[in-house]
Amino acid sequence: MPERISGKRAGNKQTLLIVVLMLVILFPLVYAVVGSAIPRGSGSPGEFLEKATAPGDTCIRAVEYMRLHHWELLRQTREEVVRYGVRDETGLDKCKNCHTSRERFCDKCHLATSLTPDCWGCHYYP
Amino acid sequence: MDRRDFLKTAGGTLLAGTSCAYAFRFLTSTYANKAGTDIPASGKRWGMLVDLTQCREDCTACMEACRRENNVSFHNDTRWDNHWIRKIKLSSEHDAGGEEKSVIMLCNHCDRPPCAQVCPVQATYKRDDGIVIVDHHRCIGCRYCMIACPYNARQFNFRDDEHWPNKERPKRSHGVAESCTLCAHRLDKGELPACVEACAKTGAGALSVGDLNDPHSTISRVTSTMAVKRIREDLGTEPKVYYIGL
């Protein structure tokens, strides 16, 4: 016959069980939210593709930043140009001055990661 | 453990877990705001002045210049051709039998644009300087704006046009609505719109743009001293294209 455990100890055990259960339930959410905020080193297109270098002196941002976040910058610039008419040196059209090859600088990574941005349907890439 | 304790523990854990996750997200956010949220307004209010006494009926210089500058879709087929500037014949309702007038029509850049009011995705909007523009990245091609516009200024790209005369400027892909932008890209750089330049080149000089907020600009002086008309002022859309001799 099993020993009767006291009410206090049973309560602690149950609390622990519930906390663990809730954390398990929460895990996918936490993983998704935290995971998306961490810049991933391995697995990014730059890791397994031959890196293309542009002939210009410096980019408008650090290379590492551009590799991961160029689309954010472009989207932001787009909003500023189209909505507010702020036309400075950081637009899609200016990028083309140094990044002269669409195959090397756009399509290569986008194909590898199966992304299909539709910039060049309307904008011209020489 | 009773039900009360169970609910307290479960709820507390969920709340703590989610807030930790989101707090982490905000603390490590890498989103950099390039220009800040406050972009100063230019204080301008662009308007256009059309002098119909100088405009020749057989001349299409402005239409052609516009098409070249903005890559307006042109297939030489009336079903699919777009015109940011059109030439139409206008006759007065109150003057039956009166003479028909050849008038150029373009987007009136209304102060109260019906097209912007109906746009379900805020693709059409009025800029700070009064220019009404379509954000083609956002346009879903529902064509509400075409129905709303009382001036028939809105056009739809029914098909892609491979013709690309001005590589500096984007063309439109199939499935978005568009209209005259008053060459906002040129005005932002301090240049005149393509149609105004072309009209001046022909020697007619019937078109001009200017700042309606500036009391010393030509357009402000002309609109305050001369008899100018706007098309369908009764609609209350407050159009900003003024006509002399309409």
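All chains are named by letter (A, B, ...) in the order of the sequence lines, taking the proteins before the strands, and each is independently numbered beginning at 1.
In B/Arg138, the CZ atom is crowded: over 12 heavy atoms of neighbouring residues, nucleotides or ligands sit closer than 6.0 Å. The 12-atom threshold is exceeded at NZ of B/Lys167, counting heavy atoms of other residues, nucleotides or ligands nearer than 6.0 Å. Taking a 6.0 Å sphere around OH of B/Tyr144, one finds it holds 12 or fewer heavy atoms contributed by other residues, nucleotides or ligands. Within a 6.0 Å sphere centred on NZ of B/Lys171, heavy atoms belonging to other residues, nucleotides or ligands number more than 12.
The two residues A/Leu26 and B/Thr13 come nearest to each other via the heavy atoms CD1-O, 3.8 Å. When all heavy atoms of B/His137 and A/His123 are compared, the pair lying nearest together is NE2-NE2, 4.0 Å. Heavy-atom minimum distance, A/Cys122 versus B/Ser173: SG-N, 3.3 Å.
Using a 4.5 Å cut-off between heavy atoms, B/Thr18 touches chain A through backbone and side chain atoms alike.
Top candidate by heavy-atom pairs under 4.5 Å with chain A, chosen from B/Arg169, B/Arg172, B/His185, is B/His185. Of all the listed residues (A/Val30, A/Val19, A/Val82), the one sharing the greatest number of non-hydrogen pairs under 4.5 Å with chain B is A/Val82. Chain A forms the most heavy-atom pairs under 4.5 Å with one residue out of B/Leu187, B/Asp129, B/Asp135, and that residue is B/Asp135.
To the nearest 0.5 Å, atoms OG1 (B/Thr9) and CG (A/Leu16) are separated by 11.0 Å. In this structure, the separation between CD1 on A/Ile18 and CG on B/Leu14 is 11.0 Å, given to the nearest 0.5 Å.
Using a 4.5 Å heavy-atom threshold, the side chains of B/Arg127 and A/Tyr84 count as separate.
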